[in-house]
Amino acid sequence: MPELPEVEVVKNFLKSNFQKKKIIKVKIINKNLRFEIQSIIKTKLTNLIITKIYRRGKYLILLLENNLSLMIHLGMTGYFRMTNEENRKKHDHLIFYFCSKVLIFNDVRKFGFIKLYNFEELNDSKHLKDMGPEPFSDGFNLNYFTKKIKRKCSVKNLLMNQKFVAGLGNIYCSEILFDAGVNPEKICNELSKKQIEKIILSTRRILEKAINFGGTTIKNFVVNNEKIGYFKNKLKVYGKENQSCPRCKSLAKIQRIKQSGRSTFLCTKCQN
DNA sequence: AGGGCTACCTGTACGC
DNA sequence: TGCGTACAGGTAGCCC
């Protein structure tokens with residue numbers, strides 16, 4: 001599920017409720033996520049204060065006392081919910097107990113994971129060390145884009161590559177390229193300067209809008225029991241196969257194609 | 001080196 | 001009702 005906007009929304013939720021709060025206890029219900037949850041976190045995290053919470057790409061990072069950091073990835077279906085007492089659901093895997101709250105990590109498909117790092121090892125981890133710039137950072141600019149372009153790669157696959165730019169996934173790549181008027185199958189070394197500039201602009205515009213609407217709910221994006229994600233109503237092409245193009249109106253229908261095994265939605269009339 | 005493909009896991013929707 | 005198939009926001013780790 002979660003791409004950058006959804007992870008940003010989760011980060012804000014965690015930040016406003018758990019930053020500066022002390023973890024009283026950790027309980028592992030099922031350690032078999034994508035990577036096994038280290039049982040050491042039960043003892044290591046007990047009685048530590050979460051000093052800072054932030055996002056890098058699609059990763060959530062919790063900084064803790066004792067120079068520790070917790071890396072969390074939500075995979076496709078991971079989410080957190082906050083309760084006042086232990087209130088279990090199917091596919092709950094981990095529980096953090098705080099003074100008056102309980103925070104539960106749930107993940108149906110178990111593609112998510114939680115890993116403990118010493119802070120100084122965090123950015124050298126395999127997950128973060130080659131990650132591309134944040135889309136909102138100055139580093140994601142025309143010069144960077146132009147230099148990083150490799151032939152033989154479609155522009156959609158380029159944007160999906162976390163080493164190129166952090167945080168974009170399957171939904172937003174379709175939406176961004178529709179907004180930019182660029183065909184997702186375009187080979188990226190054939191992009192004009194103008195198109196690259198448009199893609200950078202559209203990336204920021206779409207992500208910002210999605211964050212402001214609380215992300216996108218397709219199936220099960222949940223924050224604290226609430227299905228939010230009103231950006232779903234704002235999607236222009238994703239999941240809109242055979243509907244008329246919102247830009248050319250009746251002239252063309254939205255098509256679904258496959259790129260690297262994943263669905264891409266586009267209008268072949270207005271995306272060139 | 002860098003891209004493509006598959007595996008990982010569970011649930012849902014749809015055709016027959 | 002059941003069964004088989006396709007598909008779903010993720011990435012690591014193979015293979016070429």
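Computed over heavy atoms, backbone and side chain alike; hydrogens, waters and symmetry mates excluded. The sequence lines fix the lettering, A, B, ..., with proteins before strands; numbering per chain opens at 1.
- Within the 4.0 angstrom heavy-atom criterion, no nucleotide atom of any strand lies near Lys148(A).
- A heavy-atom distance below 4.0 Å to DNA chain C is reached by none of the residues of residues 173-181 of chain A.
- Residue Lys90(A) is in sugar-phosphate contact alone, with no base atom involved, counting any heavy-atom pair closer than 4.0 Å across all strands shown.
- Side-chain atoms of Val155(A) and Val182(A), non-hydrogen and from C-beta on, do get closer than 4.5 Å to each other.
- Nucleic acid contact class of Gly261(A) (heavy atoms, under 4.0 Å, all strands): none.
- Taking atom P in both dC3(C) and dC9(B), the straight-line distance is 23 Å, to the nearest Å.
- At a threshold of 4.0 Å, the pair Lys236(A)-Asp179(A) does not count as salt-bridged, since none of the basic side-chain nitrogens sits closer than that to a carboxylate oxygen.
- Contact of the Phe140(A) side chain with the Ile200(A) side chain is registered, since non-hydrogen atoms from C-beta on lie closer than 4.5 Å.
- The residue Asn157(A) sits close only to the backbone: its heavy atoms come under 4.0 Å of sugar-phosphate atoms, none of a base.
- Between Glu134(A) and Arg56(A) there is a salt bridge, since at least one side-chain N of the basic residue sits less than 4.0 Å from a carboxylate O of the acidic one.
- Here the nucleotide nearest the side chain of Val108(A), chosen from dG11(B), dC9(B), dG3(B), is dG11(B).
- If you check distances only, the side chain of Arg109(A) does reach the base of dA8(C) with a donor-acceptor pair under 3.5 Å.
- At a threshold of 4.0 angstrom between heavy atoms, the contacts of Phe35(A) are confined to the sugar-phosphate backbone, with no base atom among them.
- Among the nucleotides dG10(C), dG4(B), dG3(B), the one closest to the side chain of Glu3(A) is dG10(C).
- Taking a pair as Watson-Crick or G-U wobble with both distances under 3.5 Å, DNA chain B forms stems of 3 or more consecutive pairs at B:2-8 with C:10-16, B:10-16 with C:2-8.
- Salt bridge status for Lys11(A) with Glu8(A): present, with a side-chain N to carboxylate O gap under 4.0 Å.
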